[in-house]
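The next block holds one structure in the form of C-alpha coordinates; read it before the comments.
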Amino acid sequence: MKQYNIEHDITGVVLAGGKNSRFKSEKSLIEIDDQCLIELEINVLKSIFKEIIIVSEKEEIRNMFPDIIFANDFHKDCGPLAGLHAALKKCTTQGVFLVACDMPNLNKQFILRQLSLLQDNANTLAIVPRHGNGFEPLHSFYHKNCLPFVEALLAQKKYSVRGFFDKISIKWYEASAEEEHFYYNVNTQHDLAKYINNKAK
(Lines give C-alpha, C1' and ligand atoms only; values in the text may rest on other atoms or scores of the structure.)
Protein backbone atom coordinates (compact mmCIF):
# COMPACT_ATOMS: atom_id res chain seq x y z
CA MET A 1 0.00 0.00 0.00
CA LYS A 2 1.35 3.40 -0.98
CA GLN A 3 2.48 5.71 1.81
CA TYR A 4 1.85 9.42 1.48
CA ASN A 5 4.60 11.97 1.78
CA ILE A 6 2.45 14.70 3.29
CA GLU A 7 4.80 17.54 2.32
CA HIS A 8 5.14 16.60 -1.33
CA ASP A 9 1.98 14.61 -2.14
CA ILE A 10 -0.61 17.10 -0.86
CA THR A 11 -1.20 20.77 -1.68
CA GLY A 12 -2.39 23.21 0.96
CA VAL A 13 -5.30 25.28 -0.35
CA VAL A 14 -7.04 28.39 0.98
CA LEU A 15 -10.44 29.32 -0.46
CA ALA A 16 -10.57 33.12 -0.52
CA GLY A 17 -12.89 33.93 -3.40
CA GLY A 18 -16.15 34.35 -1.54
CA LYS A 19 -18.33 37.45 -1.50
CA ASN A 20 -18.32 37.77 2.33
CA SER A 21 -22.01 38.66 2.21
CA ARG A 22 -22.57 37.84 5.88
CA PHE A 23 -19.41 39.54 7.13
CA LYS A 24 -19.84 42.69 4.99
CA SER A 25 -16.09 43.11 4.37
CA GLU A 26 -13.08 41.03 3.27
CA LYS A 27 -12.76 38.68 6.22
CA SER A 28 -9.50 37.11 5.03
CA LEU A 29 -7.87 40.51 5.69
CA ILE A 30 -9.03 40.77 9.32
CA GLU A 31 -6.01 41.57 11.48
CA ILE A 32 -5.20 38.96 14.11
CA ASP A 33 -2.07 39.50 16.23
CA ASP A 34 -0.72 42.07 13.75
CA GLN A 35 -1.21 39.74 10.79
CA CYS A 36 -4.04 39.29 8.32
CA LEU A 37 -6.07 36.16 8.92
CA ILE A 38 -5.08 34.70 5.56
CA GLU A 39 -1.40 35.28 6.37
CA LEU A 40 -1.76 33.26 9.57
CA GLU A 41 -3.33 30.43 7.60
CA ILE A 42 -0.72 30.50 4.85
CA ASN A 43 2.05 30.33 7.46
CA VAL A 44 0.54 27.21 9.00
CA LEU A 45 0.04 25.54 5.62
CA LYS A 46 3.58 26.42 4.53
CA SER A 47 4.92 24.61 7.60
CA ILE A 48 3.29 21.40 6.30
CA PHE A 49 3.01 21.49 2.51
CA LYS A 50 5.52 22.34 -0.22
CA GLU A 51 2.84 23.52 -2.67
CA ILE A 52 0.31 26.17 -1.66
CA ILE A 53 -2.63 27.44 -3.73
CA ILE A 54 -4.99 30.31 -3.01
CA VAL A 55 -8.27 30.20 -4.89
CA SER A 56 -9.17 33.84 -5.44
CA GLU A 57 -9.32 36.50 -8.13
CA LYS A 58 -9.15 39.38 -5.64
CA GLU A 59 -6.28 41.73 -6.48
CA GLU A 60 -5.65 42.78 -2.88
CA ILE A 61 -5.00 39.14 -1.93
CA ARG A 62 -2.97 38.38 -5.05
CA ASN A 63 -0.74 41.38 -4.37
CA MET A 64 -0.02 40.13 -0.85
CA PHE A 65 1.37 36.80 -2.03
CA PRO A 66 3.35 37.28 -5.26
CA ASP A 67 5.20 33.97 -4.77
CA ILE A 68 2.14 31.78 -4.22
CA ILE A 69 0.15 29.95 -6.89
CA PHE A 70 -3.34 31.32 -7.51
CA ALA A 71 -6.28 29.57 -9.12
CA ASN A 72 -9.48 31.04 -10.54
CA ASP A 73 -12.90 29.44 -10.39
CA PHE A 74 -13.95 27.85 -13.67
CA HIS A 75 -17.53 28.03 -12.40
CA LYS A 76 -18.30 31.54 -11.17
CA ASP A 77 -20.50 32.24 -8.13
CA CYS A 78 -20.89 28.55 -7.28
CA GLY A 79 -19.40 28.70 -3.79
CA PRO A 80 -16.77 26.48 -2.15
CA LEU A 81 -17.49 23.53 -4.44
CA ALA A 82 -16.20 25.60 -7.37
CA GLY A 83 -13.14 26.48 -5.29
CA LEU A 84 -12.46 22.81 -4.62
CA HIS A 85 -12.83 22.14 -8.34
CA ALA A 86 -10.34 24.90 -9.21
CA ALA A 87 -7.84 23.63 -6.64
CA LEU A 88 -8.02 20.02 -7.82
CA LYS A 89 -7.54 21.16 -11.40
CA LYS A 90 -4.57 23.37 -10.52
CA CYS A 91 -2.61 21.27 -8.03
CA THR A 92 0.36 19.18 -9.17
CA THR A 93 0.06 16.73 -6.27
CA GLN A 94 -2.20 13.78 -5.49
CA GLY A 95 -4.72 15.87 -3.64
CA VAL A 96 -5.44 18.98 -1.60
CA PHE A 97 -5.93 19.91 2.02
CA LEU A 98 -8.64 22.54 1.75
CA VAL A 99 -9.43 25.28 4.27
CA ALA A 100 -11.69 28.30 4.26
CA CYS A 101 -10.05 31.73 4.55
CA ASP A 102 -11.73 32.50 7.88
CA MET A 103 -10.20 30.00 10.32
CA PRO A 104 -8.00 31.89 12.83
CA ASN A 105 -7.05 28.79 14.84
CA LEU A 106 -5.57 26.55 12.14
CA ASN A 107 -3.21 24.16 13.88
CA LYS A 108 -0.36 22.19 12.33
CA GLN A 109 -0.61 19.22 14.67
CA PHE A 110 -4.37 18.94 14.25
CA ILE A 111 -3.98 18.91 10.46
CA LEU A 112 -1.24 16.28 10.69
CA ARG A 113 -3.38 14.09 12.94
CA GLN A 114 -6.15 14.30 10.38
CA LEU A 115 -3.83 13.45 7.49
CA SER A 116 -2.19 10.60 9.39
CA LEU A 117 -5.33 8.59 8.59
CA LEU A 118 -4.10 8.46 4.98
CA GLN A 119 -1.27 6.14 5.92
CA ASP A 120 -3.65 3.31 6.81
CA ASN A 121 -6.33 4.31 4.31
CA ALA A 122 -4.35 5.12 1.17
CA ASN A 123 -7.29 4.43 -1.14
CA THR A 124 -9.65 6.87 0.54
CA LEU A 125 -10.64 9.94 -1.48
CA ALA A 126 -11.47 12.29 1.39
CA ILE A 127 -10.71 12.77 5.08
CA VAL A 128 -13.20 15.00 6.86
CA PRO A 129 -13.45 15.96 10.55
CA ARG A 130 -16.70 14.84 12.16
CA HIS A 131 -18.08 15.97 15.52
CA GLY A 132 -21.27 16.19 17.52
CA ASN A 133 -22.69 19.04 15.46
CA GLY A 134 -21.85 17.68 12.01
CA PHE A 135 -18.67 17.77 9.97
CA GLU A 136 -16.18 20.21 8.43
CA PRO A 137 -15.87 19.87 4.64
CA LEU A 138 -13.75 23.04 4.50
CA HIS A 139 -11.03 21.63 6.75
CA SER A 140 -10.53 18.45 4.76
CA PHE A 141 -8.38 16.39 2.42
CA TYR A 142 -9.63 15.59 -1.09
CA HIS A 143 -7.84 13.31 -3.54
CA LYS A 144 -7.60 14.40 -7.16
CA ASN A 145 -9.88 11.46 -8.05
CA CYS A 146 -12.73 13.43 -6.48
CA LEU A 147 -12.68 15.69 -9.53
CA PRO A 148 -15.24 13.77 -11.66
CA PHE A 149 -17.72 13.76 -8.77
CA VAL A 150 -17.24 17.50 -8.20
CA GLU A 151 -17.68 18.22 -11.91
CA ALA A 152 -20.86 16.14 -12.03
CA LEU A 153 -22.39 18.18 -9.20
CA LEU A 154 -21.43 21.47 -10.83
CA ALA A 155 -22.98 20.32 -14.11
CA GLN A 156 -26.20 19.57 -12.22
CA LYS A 157 -26.05 23.01 -10.54
CA LYS A 158 -25.76 21.34 -7.13
CA TYR A 159 -23.26 23.33 -5.09
CA SER A 160 -22.94 21.60 -1.72
CA VAL A 161 -19.42 20.29 -1.09
CA ARG A 162 -20.89 17.37 0.82
CA GLY A 163 -23.05 16.46 -2.18
CA PHE A 164 -20.67 13.75 -3.39
CA PHE A 165 -19.66 12.27 -0.03
CA ASP A 166 -22.00 9.28 -0.42
CA LYS A 167 -20.36 8.42 -3.75
CA ILE A 168 -16.72 8.16 -2.64
CA SER A 169 -14.57 6.30 -0.15
CA ILE A 170 -14.40 8.72 2.76
CA LYS A 171 -12.67 8.46 6.12
CA TRP A 172 -14.04 10.45 9.03
CA TYR A 173 -11.67 12.01 11.53
CA GLU A 174 -13.54 11.87 14.84
CA ALA A 175 -12.76 15.30 16.30
CA SER A 176 -12.81 15.69 20.07
CA ALA A 177 -14.49 18.54 21.92
CA GLU A 178 -11.01 19.85 22.75
CA GLU A 179 -10.20 20.10 19.04
CA GLU A 180 -13.30 21.96 17.92
CA HIS A 181 -11.73 25.43 18.16
CA PHE A 182 -9.16 24.47 15.50
CA TYR A 183 -11.83 24.65 12.79
CA TYR A 184 -13.71 27.63 14.23
CA ASN A 185 -14.60 29.99 11.42
CA VAL A 186 -15.46 33.68 11.37
CA ASN A 187 -18.58 33.98 9.21
CA THR A 188 -20.08 37.07 10.84
CA GLN A 189 -19.10 40.05 12.96
CA HIS A 190 -20.63 38.18 15.90
CA ASP A 191 -18.26 35.25 15.24
CA LEU A 192 -15.32 37.66 15.23
CA ALA A 193 -16.41 39.23 18.52
CA LYS A 194 -16.77 35.76 20.05
CA TYR A 195 -13.30 34.80 18.85
CA ILE A 196 -11.72 37.99 20.26
CA ASN A 197 -13.54 37.54 23.56
CA ASN A 198 -12.39 33.92 23.91
CA LYS A 199 -8.83 34.86 22.98
CA ALA A 200 -8.77 37.51 25.71
CA LYS A 201 -9.69 35.03 28.45
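- Rounding to the nearest 0.5 Å gives a distance of 9.0 Å between CG of Leu84 and CG of Leu138.
- Pairing each heavy atom of Ser56 with each of Ile61, the nearest pair is OG-CD1, 3.9 Å.
- Without hydrogens or angle criteria, Glu51 side chain to Thr92 main chain gives a donor-acceptor distance under 3.5 Å.
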Side chain to side chain contact (heavy atoms under 4.5 Å, CB included) between Leu81 and Phe164, intermediate numbers included: CA-CA 10 Å; Leu81 186 68; Phe164 65 98; 4.3 Å; yes

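- Taking SG of Cys78 as the start and CG of Leu154 as the end, the distance is 6.0 Å to the nearest 0.5 Å.
- Side-chain N or O atoms of Thr93 include one that pairs as donor or acceptor with a backbone N or O of Thr11 at under 3.5 Å.
- Here the shortest heavy-atom pairing between Leu88 and Lys144 reads O-CE, 2.7 Å.
- Summarising the geometry, atom CD1 belonging to Ile10 is positioned 10.0 Å from atom SG belonging to Cys91; distances are rounded to the nearest 0.5 Å.
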Just do the side chain to side chain contact (heavy atoms under 4.5 Å, CB included) check on Leu98 and Ser140 with the steps written out, would you? CA-CA 5 Å; Leu98 186 81; Ser140 296; 5.7 Å; no

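- A side-chain donor-acceptor contact under 3.5 Å links Tyr142 to the backbone of Pro137.
- Leu29 is listed as a side-chain neighbour of Met64, based on a closest heavy-atom distance under 4.5 Å.
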Worked verdict on Phe165 versus Val128 for side chain to side chain contact (heavy atoms under 4.5 Å, CB included): CA-CA 10 Å; Phe165 283 4; Val128 181; 3.9 Å; yes

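- In the hydrophobic clustering of ILVMFWY residues, with side-chain heavy atoms under 4.5 Å counting as a link, Ile54 and Phe74 come out apart.
- Looking at every heavy atom in both residues, Ala126 comes nearest to Thr124 through O-OG1, 3.3 Å.
- Screening Glu179, Glu174, Glu136 against His131 for a side-chain hydrogen bond (donor to acceptor under 3.5 Å, both in side chains) leaves a single residue, Glu136.
- Of the options Ile111, Val99, Asn105, a side-chain contact (heavy atoms from CB on, under 4.5 Å) to Val44 is made by Ile111 and by none of the others.
- With rounding to the nearest 0.5 angstrom, the CG atom of Asn145 is 10.0 Å from the CD1 atom of Ile168.
- The shortest non-hydrogen separation linking Ala71 to Ile53 is CB-CG2, 4.0 Å.
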Stepwise ring-ring contact (aromatic ring centres under 6.0 Å, His included) check, Phe49 with His8: CA-CA 7 Å; Phe49 309 108; His8 294 280; over 10 Å; no

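- Judged by distance alone, the side chain of Lys90 and the main-chain N or O of Val55 form no donor-acceptor pair under 3.5 Å.
- In this structure, the side chains of Leu106 and His139 come closer than 4.5 Å at one or more pairs of heavy atoms.
- When all heavy atoms of Phe70 and Ile68 are compared, the closest pair comes out as CD1-O, 3.3 Å.
- Checked by atom type and distance alone, the side chain of Gln119 pairs as donor or acceptor with a backbone atom of Tyr4 at under 3.5 Å.
- Within 6.0 Å of NZ on Lys76 lie more than 12 heavy atoms contributed by other residues, nucleotides or ligands.
- Note that CG of Asp9 is 9.5 Å distant from CG of Leu118, once rounded to the nearest 0.5 Å.
- The minimum heavy-atom distance linking Ala87 with Val96 is given by the pair O-CG1, 4.1 Å.
- Atoms CD and CG, on Gln94 and Asn5 in that order, are 9.5 Å from each other to the nearest 0.5 Å.
- Residues passing the salt bridge (charged side-chain N to carboxylate O under 4.0 Å, His left out) test with Arg162: none are found, sequence neighbours excluded.
- Residues Tyr173 and Phe141 place their aromatic rings such that the two centres sit no closer than 6.0 Å.
- For the residue pair Tyr183 / Gln114, no side-chain donor-acceptor distance below 3.5 Å is found, with atom types taken as modelled.
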Carefully, step by step, assess Lys89 and His85 under the rule side chain to side chain contact (heavy atoms under 4.5 Å, CB included). CA-CA 6 Å; Lys89 294 277 282 187; His85 174 262; 3.9 Å; yes

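- Exactly one residue among Gln109, Lys108, Arg113 makes a side-chain contact (heavy atoms from CB on, under 4.5 Å) with Phe182. That residue is Arg113.
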